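Sharing a structure here in structure tokens format.
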Number of protein chains: 4
Amino acid sequence: MKRVEKKTSRAERKARRPDEILEAAFEEFAAKGYAATRVEDVASRLGITKGTVYLYFPTKEVLFQEMFRQASTSSADLSTAIGSLRGSCADRIRGLLLISYESTANDRKTRELLRLSLAEGTRFPEAVDFYHGKFIAPTLAALTALVEQGVKSGEFRQDAAAHAPDVLASSIFHVAVWRLMFAGRKPIDGKAIVEAHIDLVMSGLVQRSGRRY
Amino acid sequence: MKRVEKKTSRAERKARRPDEILEAAFEEFAAKGYAATRVEDVASRLGITKGTVYLYFPTKEVLFQEMFRQASTSSADLSTAIGSLRGSCADRIRGLLLISYESTANDRKTRELLRLSLAEGTRFPEAVDFYHGKFIAPTLAALTALVEQGVKSGEFRQDAAAHAPDVLASSIFHVAVWRLMFAGRKPIDGKAIVEAHIDLVMSGLVQRSGRRY
Amino acid sequence: MKRVEKKTSRAERKARRPDEILEAAFEEFAAKGYAATRVEDVASRLGITKGTVYLYFPTKEVLFQEMFRQASTSSADLSTAIGSLRGSCADRIRGLLLISYESTANDRKTRELLRLSLAEGTRFPEAVDFYHGKFIAPTLAALTALVEQGVKSGEFRQDAAAHAPDVLASSIFHVAVWRLMFAGRKPIDGKAIVEAHIDLVMSGLVQRSGRRY
Amino acid sequence: MKRVEKKTSRAERKARRPDEILEAAFEEFAAKGYAATRVEDVASRLGITKGTVYLYFPTKEVLFQEMFRQASTSSADLSTAIGSLRGSCADRIRGLLLISYESTANDRKTRELLRLSLAEGTRFPEAVDFYHGKFIAPTLAALTALVEQGVKSGEFRQDAAAHAPDVLASSIFHVAVWRLMFAGRKPIDGKAIVEAHIDLVMSGLVQRSGRRY
DNA sequence: TATGAATGAGACTTCATTCAT
DNA sequence: AATGAATGAAGTCTCATTCAT
């Protein structure tokens, strides 16, 4: 294959190779799934040959696993963002969900990892564990903590504590799944939905003098 | 292969064959995805051979498409159930969502169709269209109608009309996706979550004298 | 591939396939060694394709092992022949060695198995065990028994008992190795050598009248 | 790769490289055969890389051929040793066979060259010629000369002259092949066998007093 | 109708060889 | 001189599809 950039030194190229390959692998696996992706397709994306891919990753399986690991890790760290939230529990929940939306439903990479988790979970259970540990668990844990705090402080209804975290998180999945299914064919305003969801759920969550619907 | 049931006549068997095969195909495709499923795996499930499958379906692709079509169609018809709802808009929405939950998130078959839509959508866009037409569109359309009616009648907040249908449907996606990802490994009480979700969103949706949180 | 014989029924063909393939595998492996033989070469010999070979043998390794096993087993059974020997110990030893010569050094198949044992013994230790069990052990065991008997009866020298079996068997290895190395390029009269060897070992090279050399 | 010996000068190292490589190649080819040996395996033995091997040998084939040539040549020169034999023909034959045993059956390197000759003879006929020219031909030629001389002088039987050289040499092949096949798994006392063989061939297995068997 | 032997295209993986550094 | 990244031909094995029985 032809040299793309003359300036890049061999050492630099070599240092970047694994990440480049992982990146290309992400694109291919996300687009076609594990089984339907050929190692050569991954290589072609970079203008290299399949042999070169095998220089860095011993098998297609490992390539997939490393790709998933890297893609999960390269995304913005939720925990950090979660730590910087301020305000009332309601405020913090809103902030948390918006962060979570941005990193999970609105971020193409994370969205595709969700697809891969669903599609390849049988063959790669660790991928699902990764996804859970990186995206789902932190959000739910933080939501649970905030909801409990809100209940304790009397800010939230007592009875809602049990399922509120799942309820709160659901619009994020909704938007993510929608986009995975319909790509650009049926566009939705994800942020507006998530905000409306927060708004509506919060109205219900917050203690009120009046009675229910 | 040995005859499984002696009583079934040849003609009966023959008449059922296509459906049996589609059923077996569903199981295999759901478990392994399109590319990783072998036509022989499908046949083995029925104790027949590859060749017989090709007697009824010309290619693996067609087998997948027919399987998807049949699996979508065999499920309970949402529209009928929707038509039988009675009561206030809130009541009918609650009823609708519970029906939708049962047929979408709580029904293994429909859940796996969601997985396949996400996993194979690139290769089989019609599958996605099917899924949308059969499960998503009817629910959203009915929700939209009910919300609009509720807004008109003053039962619901005006401003929430725009995104309420998506918000209301979210927990169903949430539960469906959760179960697809974690199977039995992280069980959730789907119905309770959906009900809590309805409860909380309704509290927010319903017109109230008091102010917001 | 074209049908070679119209008369052969499918079932007959199928029944013979494994042995045919093993036979072809023997020829290829013997000629080129394990690593240098392609499964396709084996198939081509029969006018079939590699896929067919994999219908009967799961891997090239198994093909080799089965081939070796079959080739060892298909050869004439030494033990039977050994049992039918009659006469003095010397007569029986002569008879035994001639049988052994015929089946080991003079039989192309067995000879090639010796080559494969030597060439592929590292990768296939069971092959060596097979060869030993089928060709070497029976001959040496019978020789040992006959020599012991001859020593007991006073027919043979006492002091020679220890190594006589190995000494007696030597010329067979000699002829076998020679033919493996030089094929037709340096022909030898194997039988004459083995007979001369028997003769000399029995009676001695040195002139009879006087004392030893 | 790290420098193995600090004291060795660059020039010295360079001068030795070809031989080092051939030595490493010998070990690898002997252990795995030509086709199963990777050039990189050879390099690794020396702590160098593939590329370096190609600096000295243009192809794997040439590497094998040069290795075989060098390994054959590096062994003790039979002809010299043969020339220094003294005594009766029987004595000289005994001496010759013991020398031949030491250099052929008892010397690991020569033994492995025999294996390679048998295993790779098809692909490398020159290897076989080398082996013959270096180890077999000199021994047989000397044996032939000695036997002829012994027959002429009346020391040996007339009738045995024709095949005696082959007969005399056979125990050496026997021991060599045995060791190649069974390595340490079935140890034999090679020298004792060769000596017993010489003894028996010279004097005969059969008791001396009477006539032949 | 059903079988399953056979095919052959195609995918993964290996490795001899090259060559820029 | 030495490296080792890169190539690409080649080999093992799989599997959708065909077709004679």
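Residue numbering restarts at 1 for every chain, and letters A, B, ... go by the order of the sequence lines. Side-chain atoms are counted along with the backbone in the values below, which use heavy atoms only and exclude waters and symmetry mates. Just so we're clear, the structure is a prediction, and the values are computed from it rather than from any experiment.
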Check side-chain contact (heavy atoms from CB on, under 4.5 Å) between Gln70(D) and all other residues, then give those that pass, not counting sequence neighbours.
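For Gln70(D), the residues satisfying side-chain contact (heavy atoms from CB on, under 4.5 Å) (neighbours in sequence not counted) are Asp19(D), Leu22(D).
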
Respond yes when some side-chain nitrogen or oxygen of Lys60(C) is under 4.0 Å from OP1 or OP2 of dT12(F), and no when none is.
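Looking at the OP1 and OP2 atoms of dT12(F), one of them is under 4.0 Å from a side-chain N or O of Lys60(C).
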
For Pro125(A), all residues meeting side-chain contact (heavy atoms from CB on, under 4.5 Å), sequence neighbours excluded:
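side-chain contact (heavy atoms from CB on, under 4.5 Å) list for Pro125(A), sorted by chain: empty.
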
Does Tyr56(C) place a side-chain N or O at less than 4.0 Å from the phosphate oxygens OP1/OP2 of dA6(E)?
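The answer is yes; a side-chain N or O of Tyr56(C) sits under 4.0 Å from OP1 or OP2.
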
Distance below 4.0 Å between Lys14(A) side-chain N/O and dA5(F) OP1 or OP2
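So the side-chain polar atoms of Lys14(A) do come within 4.0 Å of the phosphate oxygens OP1 or OP2 of dA5(F), strictly under.
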
CG of Leu46(B) versus C1' of dT3(E): gap in Å, rounded?
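So the CG-C1' distance, Leu46(B) to dT3(E), works out to 15 Å.
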
Ile21(C) has an atom CD1; how far is it from atom P of dA5(E), in whole Å?
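My rounded result for the distance is 11 Å.
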
Give the rounded distance in Å between these two atoms: CG of Leu55(B) and C1' of dT18(F).
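After rounding, the gap between these two atoms is 12 Å.
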
5'-most by nearest nucleotide on DNA chain E - Tyr54(A) or Ala35(D):
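Nearest-nucleotide comparison on DNA chain E picks Tyr54(A).
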
What is the separation between atom CD on Glu40(D) and atom C1' on dA2(F), rounded to the nearest whole Å?
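Nearest whole value for this atom pair: 14 Å.
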
Taking any heavy-atom pair under 4.0 Å as a contact, classify Phe57(B): base, sugar-phosphate, or nothing.
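Contact class for Phe57(B): none.
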
Tell me, please, which residues at least two apart from Lys60(B) pass side-chain contact (heavy atoms from CB on, under 4.5 Å).
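Partners of Lys60(B) under the side-chain contact (heavy atoms from CB on, under 4.5 Å) test: Phe29(B), Tyr34(B), Val39(B).
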
Not counting sequence neighbours, which residues clear salt bridge (charged side-chain N to carboxylate O under 4.0 Å, His left out) with Arg17(A)? List them please.
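Expected list: Glu20(A).
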
Check if the side chain of Lys50(C) and the base of dG10(E) share a donor-acceptor pair of N or O atoms closer than 3.5 Å.
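By the distance-only test, yes, there is a pair.
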
Under 4.5 Å between any side-chain heavy atoms of Phe130(C) and Ser117(C), yes or no?
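No, too far: nothing below the 4.5 Å cut-off.
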
Going by side-chain hydrogen bond (donor to acceptor under 3.5 Å, both in side chains), name the residues that satisfy it together with Arg123(B), two or more places apart in sequence or in a different chain.
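side-chain hydrogen bond (donor to acceptor under 3.5 Å, both in side chains) list for Arg123(B), sorted by chain: empty.
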
Does OP1 or OP2 of dT7(F) have a side-chain N or O of Thr49(A) closer than 4.0 Å?
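For dT7(F), OP1/OP2 do have a side-chain N/O of Thr49(A) under 4.0 Å.
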
With axes from five pairs an end, tell me the bend angle of the helix from dA2(E)-dT21(F) to dT21(E)-dA2(F), nearest 10°.
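Its terminal axes enclose an angle near 0°.
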
